[in-house]
Amino acid sequence: MKRAALLLALSILALACRDEQTVPVVEEQEQSAAARDPHSFSRPDEVRVEHIVLDLGVDFAKKQLAGTATLRVRNETNAKTLVLDTNGLAIRRVTINNAPVQFKLDAAHPILGSALEIPVDANTQNVTIEYATSPTARALQWLEPAMTAGKKHPFLLSQSQAILARSWVPCQDTPGVRFTYDATIRVPKELLAVMSAENPQARNEEGVYRFSMKQPIPSYLLAIAAGDLEFRPFDTRSGVYAEPQVIERAAAEFSDTPKMMQAAEELYGPYRWDRYDLLVLPPSFPYGGMENPRLTFLTPTVLAGDKSLVSLIAHELAHSWSGNLVTNATWNDFWLNEGFTTYFEHRITEKLYGREYSEMLWLLGMTEVKEELATLPAADQALAVDFSKRDPDEVPGIVYEKGALFLRLLEETAGRERWDQFLRAYFDKFAFEPMTNAIFENHLKTALPDVVQKVDINQWIHGPGLPANVPQPKSEAFTRVEQQAKAFADGGSVDAIQAEKWSSHERVHFIQSLPALPVEKMAALDGRFHFTDSGNNEVLSAWLEKSLDARYQGAYPAIERFLTTQGRRKFLKPLYEKLAKNPEDLAFARRIYEKARPTYHPVSQATIDEIVGVPQSR
Ligand code: BES
Ligand code: ZN
């Protein structure tokens, strides 16, 4: 059938932009495209990108990547147009078989960017796009030397999930499309470049690095970084990259990585990506971790010195199955990535550090969900959220732990052995394929009909809140912590708190279990436990949040320090939100943000702009 015959109508897709205005986007909608990703202009059902060859120069002075992307396409429907996603890209030339073609770059949508339309025909195989990125490309952060550990060399890092790959590579930027890629990257000679691909382990004289990713990946897993990096192996298939000043600490902190890989493989089958390396980034990285294939990107804020925060590695490693192998088809299916991964993370943690330990992490997760649920409208409390009209980078975090709890309920109902068999088979059957809520539900009903009968899966996936049959993780250690918190809040002395053997998780739980306290009590706790000076960033962040609830001035200098020395969105957002609650604190927040904003990644900037406003002097 001809495309024109399928054309239903021109419909207006109104997408809420950042400041809540709506910006209409005219989109051709077709019957066959009903399942298209609402966050991509591309039409992979017509013509599909199968392989990308990048050839890019990294220019720190211009804050620009420039060069070519050659896309090998398969056009089985005789489509006339290849539509790509771009955001802020300057397109210089498009050629097919060395001949320039007339392309069209549409007006920009505030969230989705601009569709790039390229004329193709049934014989088109390779399309070459000559382009340059914008200095404000939303995936990229260009760090001045002052923002690195070494203070001598600049640093470049990327964050493509959810829909930011299009700001540095023209592509079909939807997780429903997979491609392999090769790349040639030119960097200043003092720097090493790495990607989500087969990586070099040392610098070379030329500053030219070649990469190859042989397993097909979705665009959100495209990643690049360049800096003064060193490599240290853990064993023959894993190791860590970091700046020389950090490499020692990083290698010690994450030395359990090989054991985690082994545990993960014992649970859900072979690791399919050859190597698994870590990259420890400067503190402005906006996330805790990002599961870029073969090379997890990590915040240095988990370098606690005692391995207490390494469940983050278990999480990113688990994505090598849930997410990177079986991939959410659109961002409305996001919980299939993150809920599965959080469940898997807890299972790896249990295998390595024991049940008592993993139960504490389950409970910390539960506190998080409950707090976030209290702030969300019912429609945003489902696992299958509808984010079609919003920025997928703002999907509520509850899908992580709510999703994990749902899978734990399925495990408890099926029995662990049967459930593990189910999951292992699931990863095998759907490896390298997109997964939707509908496919998952059907598969579950077919594979475990009796389990589905006992559990109201519809309520879990599509309903709000935590259903009544939610599993109840148990930790005696945490129960004791809660008793101590209560006794202290009820008037007990700070010296009576029995905290000698508390792990950092117990400290976090203690702080989170406290009701709003008067300033004197906060000061008493600080006097004894020195929370304000904690070197554990989870403890510190929990304490600083509590301090803002109490408006405990003793912590304000530490709040300023924390907000100006790292850019992890999860740590920034709640503090700025609390500061925005009264005029005095808001003025303090604005002063800090004016200074800190240029040091944050665009992802964090976008979130904090919404909370305190964009500084005037920007
Ligand atoms: N894939 C996510 C990060 C992400 C999600 C980036 C959505 C952009 C859009 C990553 O695996 C993740 O979940 N990171 C968490 C850590 C985890 C232990 C909860 C984070 O960064 O806090
Ligand atoms: Zn994750």
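All of these numbers come straight from a predicted model, not from anything done at the bench. Computed over heavy atoms, backbone and side chain alike; hydrogens, waters and symmetry mates excluded. Remember, it's 1-based here, ligands and their atoms both numbered in the order they're listed.
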Novice: Can the ring centroids of H509 and H505 be said to lie less than 6.0 angstrom from one another?
Specialist: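 For H509 and H505, the ring centres are not under 6.0 Å apart.
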Novice: Which word best sums up how the rings of Y287 and F285 line up, parallel for under 30°, tilted for 30 to 60°, or perpendicular for over 60°?
Specialist: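 Perpendicular.
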Novice: I need the OE1(E338)-the Zn ion (ligand 2)-NE2(H319) angle, rounded to 10 degrees.
Specialist: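 About 100°, to the nearest ten degrees.
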Novice: Inspect the contact between K307 and E253 and indicate whether a charged nitrogen and a carboxylate oxygen are less than 4.0 angstrom apart.
Specialist: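 Looking at K307 together with E253, the answer is no, because their closest N to O distance does not fall below 4.0 Å.
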Novice: Quick one: which ligand 1 atoms are inside 4.0 Å of a heavy atom on E291?
Specialist: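 Counting atoms of ligand 1 from 1, those under 4.0 Å from E291 are 1 (N), 2 (C), 10 (C), 11 (O).
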Novice: Just need the protein heavy atom nearest to atom 13 (O) of ligand 1, so name the residue and atom and give the distance.
Specialist: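 In this structure, atom 13 (O) of ligand 1 has Y400 OH, 2.7 Å as its nearest protein heavy atom.
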Novice: Would you say E316 and ligand 1 have an N/O pair spaced under 3.5 Å apart?
Specialist: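 Yes - when backbone and side-chain N and O of E316 are compared with those of ligand 1, one distance drops under 3.5 Å.
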Novice: With ring centroids as reference points, do W321 and Y268 lie under 6.0 angstrom apart?
Specialist: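 That pair fails the under 6.0 Å test.
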Novice: Under 3.5 Å, side chain of E265 to main-chain N/O of Y271, donor-acceptor pair present?
Specialist: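 Present.
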Novice: Taking a cutoff of less than 4.0 Å between a non-hydrogen atom of the residue and any ligand atom, is F334 in contact with ligand 1?
Specialist: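 Contact present.
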Novice: Identify the closest protein heavy atom to atom 10 (C) of ligand 1: which residue and atom is it, and at what distance?
Specialist: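 It is G289 O, 3.2 Å.
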Novice: Verify the ring-centre separation between Y400 and W362: is it less than 6.0 angstrom?
Specialist: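 No - the distance between ring centres of W362 and Y400 does not fall below the 6.0 Å cut-off.
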Novice: Where's the contact between Q161 and ligand 1, heavy-atom distance under 4.0 Å: side chain, backbone, both or neither?
Specialist: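 It is both parts that get close, each with some atom under 4.0 Å.
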Novice: Considering non-hydrogen atoms of the protein only, which is the closest contact for atom 16 (C) of ligand 1, and what is the distance?
Specialist: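 Checking every protein heavy atom, the shortest distance to atom 16 (C) of ligand 1 gives L312 CD1, 3.4 Å.
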Novice: So, does Q159 sit close enough to ligand 1 that a heavy atom of it is under 4.0 Å from the ligand?
Specialist: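 Yes, Q159 has heavy atoms under 4.0 Å from ligand 1.
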Novice: Distance to 0.1 Å, residue and atom name: give those for the protein heavy atom nearest to atom 2 (C) of ligand 1.
Specialist: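 In this structure, atom 2 (C) of ligand 1 has E338 OE2, 3.3 Å as its nearest protein heavy atom.
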Novice: Is R569 paired with D393 through a side-chain N to carboxylate O contact shorter than 4.0 Å?
Specialist: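 So D393 does not pair with R569 through a salt bridge.
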Novice: Take R138 and S167 through the side-chain hydrogen bond (donor to acceptor under 3.5 Å, both in side chains) test and state the conclusion after the steps.
Specialist: CA-CA 6 Å; R138 287 184 53 197; S167 73; over 6 Å; no
Novice: Does D393, backbone or side chain, put an N or O under 3.5 Å from an N or O of ligand 1?
Specialist: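 N/O-N/O distance below 3.5 Å does not exist for this pair.
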Novice: What atoms of ligand 1 come within less than 4.0 Å of a heavy atom belonging to G288?
Specialist: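 By the 4.0 Å cutoff, the relevant atoms are 20 (C), 21 (O), 22 (O).
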